[in-house]
Amino acid sequence: MGTEPQRARWPAHLPVGALRVVRWSAHYEETLTFYRDTIGLAVLETFHDSYGLDGTILGLPGGQVHLEIVRATQAPYPGRGLDQLVFYLPDAAARERVEERLAAAGARPVSQIDYWQANGGVTYQDPDGREVVFASWIYIPPGS
């Protein structure tokens, strides 16, 4: 008999106020267009030559989750493979609206792992080859 899962909380020693995922991009303009214009994430901030870096912070206004795209000035980042960013949407209708928006921009789904195929997900690639998944359900940890 196992133990019951406990509700996930930030540890006391790690009082996180926000979480940001940073992706370095060898195709900065195209990647920014994909997330900003095609997917529709709001631009929260853009920076130029900040400690030698250019980038854009995307997310939901007032939200504590951000996606930062930084221009890679060195060799291209090897972004291909199972590097996934997952957007959990409330239902299949919401996922279908995102699919329509992506199709209108010329984006097409790519082959995906069996898990997403079996569980209402659809996978695309951003211009750097990283996978972006749109799931038709919202993940809720066990016991929440």
Side-chain angles (χ1 to χ4, degrees), residues 5-144:
Q6 294 184 4
R7 185 175 182 142
R9 294 190 179 116
W10 287 105
H13 70 275
L14 190 64
V16 173
L19 178 67
R20 179 174 302 160
V21 175
V22 179
R23 287 191 157 175
W24 293 79
S25 177
H27 307 282
Y28 177 77
E29 296 300 333
E30 297 90 341
T31 300
L32 180 57
T33 297
F34 179 80
Y35 288 103
R36 180 194 60 213
D37 301 336
T38 304
I39 293 178
L41 295 179
V43 173
L44 302 178
E45 183 177 356
T46 299
F47 54 92
H48 301 285
D49 199 25
S50 175
Y51 298 92
L53 301 173
D54 296 339
T56 301
I57 300 169
L58 303 155
L60 301 174
Q64 284 72 40
V65 179
H66 314 128
L67 174 62
E68 180 176 338
I69 307 297
V70 177
R71 184 186 312 272
T73 57
Q74 305 288 325
Y77 176 82
R80 302 207 185 279
L82 290 179
D83 178 359
Q84 297 177 329
L85 181 63
V86 181
F87 290 88
Y88 290 97
L89 305 172
D91 53 35
R95 190 202 63 227
E96 289 166 7
R97 286 191 299 275
V98 170
E99 288 180 87
E100 290 168 4
R101 182 180 179 109
L102 288 161
R108 301 288 175 255
V110 298
S111 63
Q112 59 187 3
I113 62 173
D114 292 342
Y115 177 83
W116 293 122
Q117 188 68 37
N119 288 286
V122 62
T123 303
Y124 292 82
Q125 282 185 334
D126 74 12
D128 284 303
R130 292 184 178 102
E131 293 184 352
V132 181
V133 179
F134 298 93
S136 60
W137 49 277
I138 297 174
Y139 171 77
I140 300 172
S144 294

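The model shown is predicted, which means the values in this text are computed figures rather than measured ones.
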Donor-acceptor contacts under 3.5 Å from residues 89-99 side chains, at least two apart:
| unit_1 | atom_1 | unit_2 | atom_2 | d |
| --- | --- | --- | --- | --- |
| D91 | OD1 | A93 | N | 3.2 |
| D91 | OD1 | A94 | N | 2.8 |
| R95 | NE | E99 | OE2 | 3.0 |
| R95 | NH1 | G120 | O | 3.0 |
| R95 | NH1 | S136 | OG | 3.4 |

All N/O donor-acceptor pairs, side-chain side in residues 34-54, below 3.5 Å, sequence neighbours left out:
| unit_1 | atom_1 | unit_2 | atom_2 | d |
| --- | --- | --- | --- | --- |
| Y35 | OH | R23 | NH1 | 2.9 |
| Y35 | OH | D126 | OD2 | 2.8 |
| D54 | OD1 | D49 | N | 2.7 |

Could you walk me through whether Y28 and T56 pass the side-chain contact (heavy atoms from CB on, under 4.5 Å) test, one step at a time? CA-CA 9 Å; Y28 177 77; T56 301; 2.6 Å; yes
Before giving the answer on side-chain contact (heavy atoms from CB on, under 4.5 Å), spell out for Y139 and V86 the whole-Å C-alpha distance, their side-chain angles and the decisive distance to 0.1 Å. CA-CA 10 Å; Y139 171 77; V86 181; over 6 Å; no
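Applying the side chain to side chain contact (heavy atoms under 4.5 Å, CB included) rule to Q112 yields the partners W116, Q117, T123; only residues at least two apart in sequence or on another chain are considered.
Between the NE2 atom of H66 and the CG atom of L58 there is a distance of 10.0 Å, given to the nearest 0.5 Å. From F87, atom CZ reaches atom CD1 of I138 across 13.5 Å, with rounding to the nearest 0.5 Å. Taken from CD in Q84 to CD in Q125, the straight-line distance is 10.5 Å, to the nearest 0.5 Å. Atom OG of residue S25 and atom CG of residue D128 lie 3.5 Å apart, to the nearest 0.5 angstrom.
Summarising the local packing, CG of D114 is surrounded by 12 or fewer heavy atoms from other residues, nucleotides or ligands at distances under 6.0 Å.
Here the shortest heavy-atom pairing between N119 and W137 reads O-NE1, 2.6 Å.
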